[in-house]
Amino acid sequence: MPGPQAPSDVVSRLPTWYRSTARDLPWRRAEFHDEFGAWGVLVSEFMLQQTPVSRVVPHLEAWLARWPTPAAMASASAAEVVHQWANLGYPRRALWLFRAAVEITERHGGIVPRDVEALLALSGIGDYTARAVAVFAYGDRHPVVDTNTRRVLARAVQGRAQPAPPSRRDLELMDSLLPDSLADAAEFNAAMMELGATMCTSRAPRCEQCPLANSCAWLAAGRPDTGDERRRQATYEGSDRQARGAVLRLLRDRSPEAVPLDLVLPEWPDPRQRDRAIDSLIADGLAEADGMALSLPR
DNA sequence: TATACGTGGGG
DNA sequence: TCCCCAAGTAT
């Protein structure tokens, strides 16, 4: 029976598993912290927002080599930053990261803030990233809750196949499980994410190998609602998002040149959709119209 | 609270 | 092939 022991089992068994199996990722190495500090952690967290680890790793090194500090990036242009973002997806994150670098430079003397409230006030930083930086860069004690952690909590503790929509309850539950010491709390945060990413996965969890198998409430209940349909992602083919992606890709490829408006995807199947994409990119600050030509933002 | 927002890899 | 999914944030 999982029962009320489930949470304490999670806390006691996870660290041992994590120490022996954790992936060797750049932002977990001591040299990474020595070299890039909180800025390195912040950049990695921006890239990891909805982009898989395997795609982030190769970009991160080049990024930090080019802009090793917030001030270095703040002195670049938005166009350079969006161009360097390449195909990581959700390019608004590149713009937000650039704005955060400017804010850090202007408001915090070029030092990534340590305080969660100050971090939350920066562009593109929300509940997850703010606490991730405070915990993984500065070693402070906060609940870091991402989608992996929410899934592990839902299964191991609550006995549900999938987590409920994000809420403050997630933070409260995670906070109640956090070990007392700073180092143990930070490690526990990382271990929960790691378990969700590699073992307690969304589609095909490997319960047979899971260190929490003996206490998992969901497994004990017979893995109910395994095939529970989650809200389907909108179809990408033919979508406005695809149009935006195509326009921005063109601007990146031509950068720093501007592209005459009548040469921006003239063959696009739905011209009105293409124009909508152009307008929305301009509205977001990801593109700039100069006379009759379009370019990445200065 | 629900929706928009890229891109590519794996089952 | 097609569908699922990935360390979220802003509105």
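Residue numbers begin at 1 in each chain, while the letters A, B, ... track the order of the sequences.
For B:dG6, neither phosphate oxygen OP1 nor OP2 lies less than 4.0 angstrom from any side-chain nitrogen or oxygen of A:Asn87.
Within the structure, the ring pair (Phe, Tyr, Trp, His ring centres under 6.0 Å) test picks out the following pairs touching residues 67-87 of chain A (sequence neighbours left out): A:Trp63-A:Trp67, A:Trp63-A:Trp85. Evaluation of the ring pair (Phe, Tyr, Trp, His ring centres under 6.0 Å) test over residues 128-156 of chain A, restricted to residues two or more places apart or in two chains, returns none.
In this view, A:Glu267 satisfies the side chain to side chain contact (heavy atoms under 4.5 Å, CB included) rule with no residue, not counting sequence neighbours. Partners of A:Val53 under the side chain to side chain contact (heavy atoms under 4.5 Å, CB included) rule, at least two apart in sequence or in another chain, are A:Arg23, A:Leu25, A:Trp27, A:Leu48, A:Val57.
In this structure, A:Phe46 reaches neither bases nor backbone, as no heavy-atom distance under 4.0 Å exists between it and the strands shown. Residue contacts shown for A:Arg150 are absent, as no nucleic acid heavy atom lies under 4.0 Å away.
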- Determine, step by step, whether A:Gln84 and A:Arg66 satisfy the side-chain hydrogen bond (donor to acceptor under 3.5 Å, both in side chains) criterion, reporting the C-alpha distance in whole Å, the side-chain angles of both residues, the deciding distance to 0.1 Å, and the verdict. CA-CA 9 Å; A:Gln84 183 76 29; A:Arg66 182 170 183 181; 2.7 Å; yes

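Across C:dC4 and B:dG6, the matching C1' atoms stand 15 Å from one another, rounded to whole Å. Look at the C1' atom in both B:dT1 and C:dA10: the space between them is 13 Å, to the nearest Å. The separation of C:dA7 from B:dT3, taken at their P atoms, amounts to 22 Å, rounded to a whole angstrom.
In this structure, the side chain of A:Gln273 engages the main chain of A:Gly238 through a donor-acceptor pair within 3.5 Å.
For A:Arg93, the listed nucleotide lying nearest its side chain is B:dG6; candidates were B:dC5, B:dG8, B:dG6.
Look at NE2 on A:His59: it is 11 Å from P on B:dG9, rounded to the nearest Å. Distance CD (A:Gln242) to P (B:dC5): 13 Å, rounded to an integer number of Å. The separation between A:Asp240 atom CG and B:dT7 atom P is 14 Å, rounded to whole Å. Atom P of nucleotide C:dC2 and atom CD of A:Glu237 are separated by 10 Å, given to the nearest angstrom. Atom CG in A:Leu281 sits roughly 9 Å away from atom P in B:dC5 (whole-Å rounding).
Position along DNA chain B of the nearest nucleotide to A:Ala86 versus A:Pro165 favours A:Pro165 as the more 5'-ward residue.
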- Message: Please encode protein proximity along nucleotides 4-11 of chain C as a string of B, S and -, counting only heavy-atom distances under 4.0 Å.
- Response: BBBBBSS-

Identify every side-chain donor-acceptor pair in residues 253-260 of chain A under 3.5 Å, counting partners at least two apart or on other chains, and give the distances.
none

